[in-house]
Protein chains: 2
Amino acid sequence: MGRGKPGTGESQMVETLRAYPLFREAPPEDLAALIRAGTWRMWPAGRFLFLEGDPAEGLYVLLEGYVKVIQADAAGQEAVAQMAGPGEPLGLIALFADQPYPASAQAMTPCRALWIPGTAFREFLLRHPEVALRMLRLLAERLHEVHRRLLEVSVLRVERRLARVLVRLAGRLGRRTEEGIELMLPLSREELAELCGTRLHTVSRLLNRWQRAGWVRLGRRRILLRQPHALVALAEELEGPRGL
Amino acid sequence: MGRGKPGTGESQMVETLRAYPLFREAPPEDLAALIRAGTWRMWPAGRFLFLEGDPAEGLYVLLEGYVKVIQADAAGQEAVAQMAGPGEPLGLIALFADQPYPASAQAMTPCRALWIPGTAFREFLLRHPEVALRMLRLLAERLHEVHRRLLEVSVLRVERRLARVLVRLAGRLGRRTEEGIELMLPLSREELAELCGTRLHTVSRLLNRWQRAGWVRLGRRRILLRQPHALVALAEELEGPRGL
DNA sequence: CGGCTCATTGACTCAGCTCAATATCGGTGG
DNA sequence: CCACCGATATTGAGCTGAGTCAATGAGCCG
């Protein structure tokens with residue numbers, strides 16, 4: 001809640017922001033003003049930054065940790081809309097489309113984020129159109145990504161979707177070890193299922209089949225890719241309408 | 001191809017653009033410059049405005065007609081990413097994310113569109129950040145819409161998805177007649193299928209079942225909703241995990 | 001009248017969901 | 001240290017929605 005600069009000084013925060021492509025072109029003094037207009041906070045793993053339907057008065061810029069953005073339908077069925085890491089802004093749809101948050105954001109790991117009031121940020125964009133263009137690029141990229149996922153869910157089988165999700169996660173959040181690539185994010189089977197539009201049972205079955213094949217090694221909320229190439233092959237291999 | 005002003009004078013084009021929310025705040029003389037930098041063209045129904053993978057050097061602003069934006073995976077399976085009508089800009093992802101078109105745009109009806117070179121448009125945005133904010137809103141809204149569709153494809157059955165698609169289309173492109181609401185867009189069963197992530201056969205079966213129930217009346221590339229409320233009920237009715 | 005695209009319908013199959021039971025992990029408190 | 005608990009994961013059995021394959025029908029254009 002309270003505005004603060006414990007440990008992290010304002011000038012340090014400015015540097016942090018300028019490290020992200022989004023704010024690269026912004027003059028430090030204006031960034032400082034933006035930071036002063038906002039606050040920063042921390043969340044323990046599992047806590048929600050905001051909930052679907054909450055009124056949105058600003059945006060968050062994630063500084064540390066990972067957040068999953070989830071959308072639920074009327075019956076409570078959930079889908080993961082996005083996995084966000086450091087440097088990514090959250091709450092953009094609510095901010096720009098001027099509506100309540102369309103999804104909930106939950107901390108996957110302990111998180112730190114800067115909150116900036118919407119009005120201040122909008123004015124900032126008006127004064128710094130280069131940043132607005134960066135923002136447009138970001139939204140365009142997200143749009144592209146979601147379109148790709150929509151296509152995948154529409155035309156691919158679960159097995160292949162899961163393989164793709166793993167490969168992608170490994171690329172973004174994988175740590176190389178001598179055993180293989182380990183996912184740094186503690187994802188449950190259910191969360192994985194929500195990422196590829198299926199059920200936890202199906203995910204469990206597939207993962208165990210792959211484990212038997214030696215492709216992965218499983219743990220509680222833990223996945224190690226021992227033969228990433230096998231998954232990539234499965235993910236990319238093109239199939240004709242019928243097992244060609 | 002050629003720059004032209006046949007029939008439609010430049011000042012008239014300016015007025016057309018200013019009628020769209022996107023350009024409302026822009027000064028007419030700058031709009032005129034933008035228009036002069038670009039060209040406009042017409043496409044007969046079925047023709048492509050651009051193809052997935054084509055290098056993008058600008059954006060289109062659709063002035064007349066309807067366009068479907070399709071994305072295909074490696075095996076040729078397609079999904080409709082978007083249905084665009086007058087006033088909507090096309091090619092935004094390519095423009096802002098600075099990459100080739102991620103999808104193809106096909107004229108569903110005869111179309112007219114203004115083409116604006118990317119560099120000119122970017123400069124325009126830098127000089128008119130209010131328009132950039134409008135653009136951000138537009139992208140945010142599209143993002144929201146795609147997220148909703150992703151959720152639907154992930155958790156809803158085809159029947160319900162199809163009902164939703166029809167209801168939505170009826171709202172955007174329906175004409176009220178004494179028989180019911182008629183979709184003004186000539187959509188084939190297959191295109192409908194691509195809109196809800198299924199196959200034409202399934203769409204055909206569902207539509208015919210609904211026709212037998214008296215909810216719709218079908219024709220070749222033609223759909224009339226005779227009892228929209230029935231479809232709305234089907235679309236919105238919330239279901240527990242198991243037929244509750 | 002052919003020849004095209006688009007649509008309908010049936011028969012069959014199976015991927016993946018549901019339902020249900022059990023197992024395993026990790027933490028917590030006695 | 002062990003007993004217990006909740007959260008997470010595995011696995012089986014059965015069912016069914018929707019995809020696939022295949023054939024026919026119906027509307028439209030030259």
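Residue numbers begin at 1 in each chain, while the letters A, B, ... track the order of the sequences. Computed from a predicted structure; not experimentally measured.
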A.B. asks: So B:R205, base contact, sugar-phosphate only, or nothing? Heavy-atom distance under 4.0 Å.
C.D. replies: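 Base contact - B:R205 has a heavy atom under 4.0 Å of at least one base atom.
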A.B. asks: Could you state the atom-to-atom distance from CG of A:L192 to C1' of C:dG16 in whole Å?
C.D. replies: 16 Å
A.B. asks: Starting from C1' on D:dT8, measure out to CZ on A:R222 and report it in whole angstrom.
C.D. replies: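 Distance check: A:R222 CZ to D:dT8 C1' gives 15 Å.
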A.B. asks: Could you give me the CA-CA distance, side-chain angles and deciding distance for A:L92 and B:L139, then say whether side chain to side chain contact (heavy atoms under 4.5 Å, CB included) is met?
C.D. replies: CA-CA 10 Å; A:L92 294 182; B:L139 285 193; over 6 Å; no
A.B. asks: Can you tell me how far C1' of D:dG6 sits from CZ of A:R221, to the nearest Å?
C.D. replies: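 Distance, rounded to whole Å: 13 Å.
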A.B. asks: Quick check for you: among C:dT8, D:dT8, D:dT11, whose closest atom lies nearest to any side-chain atom of B:R189?
C.D. replies: C:dT8
A.B. asks: Find out whether B:V146 and A:L150 are in side-chain contact, i.e. whether some heavy atom of one side chain is under 4.5 Å from a heavy atom of the other.
C.D. replies: yes
A.B. asks: To the nearest Å, how far apart are A:R217 CZ and D:dT10 P?
C.D. replies: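 So the CZ-P distance, A:R217 to D:dT10, works out to 14 Å.
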A.B. asks: Counting only side-chain N and O atoms of B:S188, is one of them less than 4.0 Å from OP1 or OP2 of C:dC6?
C.D. replies: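 Answer is no, no contact under 4.0 Å.
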A.B. asks: Would you say a side-chain N or O of A:R199 is under 4.0 Å from OP1 or OP2 of D:dA9?
C.D. replies: no
A.B. asks: May I have the distance from B:E190 (atom CD) to C:dT8 (atom P), rounded to whole angstrom?
C.D. replies: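 Whole-Å distance recorded here is 13 Å.
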A.B. asks: So for atom CZ, which belongs to A:R47, do other residues, nucleotides or ligands contribute more than 12 heavy atoms lying within a distance under 6.0 Å?
C.D. replies: no
A.B. asks: Of the candidate nucleotides D:dT11, D:dA18, C:dT8, which contains the atom at the shortest distance from the side chain of B:R157?
C.D. replies: D:dA18
A.B. asks: Using side-chain heavy atoms (C-beta onward) and a distance below 4.5 Å, is B:R189 in contact with B:H201?
C.D. replies: no
A.B. asks: Side chains of A:E64 and A:P86, heavy atoms from C-beta outward: is any pair under 4.5 Å?
C.D. replies: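 Of all side-chain heavy-atom pairs linking A:P86 with A:E64, none is under 4.5 Å.
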A.B. asks: Is the shortest side-chain heavy-atom distance between B:T109 and B:C111 below 4.5 Å?
C.D. replies: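 B:T109 reaches B:C111 side chain to side chain.
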A.B. asks: When every nucleotide of nucleotides 22-30 of chain D is labelled 5' to 3' by its protein contacts under 4.0 Å (heavy atoms), B for base, S for sugar-phosphate only, - for none, what sequence of letters results?
C.D. replies: B----BS--
A.B. asks: Answer with base, sugar-phosphate or nothing: what part of the nucleic acid does B:L218 contact at a heavy-atom distance below 4.0 Å?
C.D. replies: sugar-phosphate
A.B. asks: Please confirm whether the shortest side-chain N or O distance from A:N208 to OP1 or OP2 of D:dT11 is below 4.0 Å.
C.D. replies: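 A:N208 to D:dT11 OP1/OP2: side-chain N or O found under 4.0 Å.
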A.B. asks: Distance check needed: D:dG19 C1' versus B:E194 CD, whole Å only.
C.D. replies: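 Distance check: B:E194 CD to D:dG19 C1' gives 15 Å.
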A.B. asks: Name all residues meeting the side-chain hydrogen bond (donor to acceptor under 3.5 Å, both in side chains) criterion together with B:E57; count only those two or more places apart in sequence or in a different chain, and write none if there are none.
C.D. replies: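 Residues passing side-chain hydrogen bond (donor to acceptor under 3.5 Å, both in side chains) with B:E57: none at all.
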A.B. asks: Distance check needed: C:dG16 P versus A:L207 CG, whole Å only.
C.D. replies: 14 Å
A.B. asks: Taking the axis from the first five pairs and the axis from the last five, what angle separates them in the helix from C:dC1-D:dG30 to C:dG30-D:dC1, rounded to 10 degrees?
C.D. replies: 30°
A.B. asks: With a distance cut-off below 6.0 Å to the six-membered ring centre and an angular limit of 45° from the axis, does B:R41 pair with B:W115 as a cation-pi contact?
C.D. replies: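 So B:R41 doesn't make the cation-pi contact.
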A.B. asks: Give me the ring orientation class for A:Y101 and A:Y60: parallel if the planes are under 30° apart, tilted from 30 to 60°, perpendicular past 60°.
C.D. replies: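 Taking A:Y60 first and then A:Y101, their aromatic rings sit tilted (interplane angle of 30° to 60°).
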A.B. asks: In whole angstrom, what separates B:L200's CG from D:dT20's P?
C.D. replies: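 That distance rounds to 10 Å.
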A.B. asks: Verify the contact: side-chain N or O of A:T202 to OP1 or OP2 of C:dG16, cut-off strictly under 4.0 Å; return yes or no.
C.D. replies: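 It does not, given that no N or O in the side chain of A:T202 lies less than 4.0 Å from OP1 or OP2 of C:dG16.
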A.B. asks: Could you tell me whether the phosphate oxygens of C:dT8, OP1 or OP2, come under 4.0 Å of any side-chain nitrogen or oxygen in B:S204?
C.D. replies: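 Looking at the OP1 and OP2 atoms of C:dT8, one of them is under 4.0 Å from a side-chain N or O of B:S204.
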